[in-house]
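Written out below as structure tokens is the structure these notes cover.
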Amino acid sequence: MGEKKFRSDQLWRSLYHDVSNSFEEMSTLSKPFRKSLREKYSISTLKEVMALTSSDRTTSKSLYRLCDGELIETVMMRYESDGHRRNRKTACISTQAGCALGCTFCATGQQGFRRNLTVGEIVAQVIEMQRVAIAEDLDQIDGGQRTKGEVQGVTNVVFMGMGEPLANYKNTISAIRVLNDGQGLNIGARHITVSTVGLIPEILKLADEDLQINLAISLHAPDNATRSQTMPVNKRYPVEELINACHKYAAKTKRRIFFEYVLLKEQNDSIEQAQKLGRLLNGLHCHVNLIPVNPTRDGPFERTDLIVAKSFQGGLKQYGIPSTVRMEKGIDINAGCGQLRERAIEILDN
Ligand code: SAH
Ligand code: SF4
């Protein structure tokens, strides 16, 4: 646009650090430059069409309409400091509209694939959450609950919304680099988690990216027979090959791997299955997150009781595998992957 080079840094800072909503408020830029930006471009790619907050106010969820009408979901989860860890605000973002992988317990998987999100659409979700988070921090400063200068914003990002991040590989990696940029949102790589259904070639590629992010693998079963019942992808990338790829990833990155294990009542939650999982993961630097399923509208699955989840955890412990039973967040607002879109379509259609 014929502007001096330093203008691009100023623009970048306004967009990704100050999360400005309009070109007009970018006071570091000259007036004529702001005017031509306004004429040629728009900032946001997302239009909020529905928003819900859980009754305990820790979780909120937005449904956004993209410029071609597709609907995606973004969630923000607020965690109080627990002595070990500081206060956190985690944005849970989508990478695709829909998903092609068809896991049977997942509302997004049951809706089919629509399209990949652009880098801008992925990053814009964090920007929206950052605006909310900053406003909340400022409110707390005004209310005396925080000291001045303590504007923290979004502290963590998890790629656990709609879609499979590694099936939209290039845009996911570019988005991570934008989120991580020190002149912008400045979200530390160690505070970013990518969750994958287990696409082996992309996991190996990711190991070579030299990113210090966390990788979470959606395993959900200790053997092929059980896994193939709920996850069609297992026919393409069976359990042993997936774990083999995880060993390679861990050796290359020296990073601990997280395994997600959605507990489905009487399907994958027996003590024998816990022990089998313990043997499978033995020798891998990892942590298992046990997540009682969020039942979907048409799904046949029920939640595992907490007592059964705890004994599953005991089974893993016998093999030295650390695990956490994940606190539920946002159950009352359909915060599970794809569940708001499912509900919203019913509402919008009626
Ligand atoms: N496609 C990626 C990331 C999005 S899903 C993946 O599958 O990993 C994020 C996580 O939510 C995954 O671990 C997924 O298995 C889990 N999930 C999907 N549906 C769920 C449900 N109904 N209840 C609990 N977790 C669910
Ligand atoms: Fe897709 Fe992940 Fe849902 Fe499976 S769990 S259908 S991979 S979004």
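Just so you know, these numbers use all the heavy atoms, side chains as well, and skip hydrogens, waters and symmetry mates. Remember, it's 1-based here, ligands and their atoms both numbered in the order they're listed.
- Atoms of ligand 2 found under 4.0 Å from any heavy atom of Val197, numbered from 1 in the order shown, are 7 (S).
- For atom 15 (O) of ligand 1, the nearest non-hydrogen atom from the set Met162, Arg326, His220, Arg303 belongs to His220.
- In terms of modelled atom types and a separation under 3.5 Å, the side chain of Arg65 and the main chain of Lys47 share no donor-acceptor contact.
- Checked against a 6.0 Å centroid threshold, the rings of Tyr261 and Phe312 count as neighbours.
- Using a 4.0 Å cut-off between heavy atoms, Met160 contacts ligand 1 through both its backbone and its side chain.
- When the heavy-atom distances from atom 1 (N) of ligand 1 to Cys99, Ser195, Gly163 are ranked, the shortest goes to Gly163.
- Between Pro295 and ligand 1, not a single N/O pair is under 3.5 Å apart.
- With sequence neighbours left out, Glu150 forms a side-chain hydrogen bond (donor to acceptor under 3.5 Å, both in side chains) with no residue at all.
- Scored by the side-chain hydrogen bond (donor to acceptor under 3.5 Å, both in side chains) test, Thr95 finds no partners at all (sequence neighbours excluded).
- For Phe259 and His220, the ring centers are positioned 6.0 Å apart or more.
- Atoms NZ and CD, on Lys252 and Glu209 in that order, are 10.5 Å from each other to the nearest 0.5 Å.
- Exactly one of Glu48, Lys61, Glu128, Gln125 qualifies for a side chain to side chain donor-acceptor pair (under 3.5 Å) with Thr74. That residue is Gln125.
- Nearest residue to atom 2 (Fe) of ligand 2 from Ala100, Gly109, Ser218, Gly163 is Gly163 (criterion: closest heavy atom).
- At a cut-off of 2.8 Å, Cys106 does not coordinate atom 1 (Fe) of ligand 2 through any N, O or S atom.
- Proximity of a side-chain donor or acceptor of Ser94 to a complementary backbone N or O of Met162 within less than 3.5 Å is detected.
- Contact between Gly161 and ligand 1 is present, with at least one heavy atom of the residue lying under 4.0 Å from the ligand.
- For Val262, every heavy-atom contact with ligand 1 shorter than 4.0 Å involves the side chain, none the backbone.
- Taking backbone and side-chain atoms together, Cys99 has no N/O/S atom less than 2.8 Å away from atom 4 (Fe) of ligand 2.
- In this comparison of Ser218, Ala216, Cys103, the heavy atom closest to atom 13 (O) of ligand 1 sits on Ser218.
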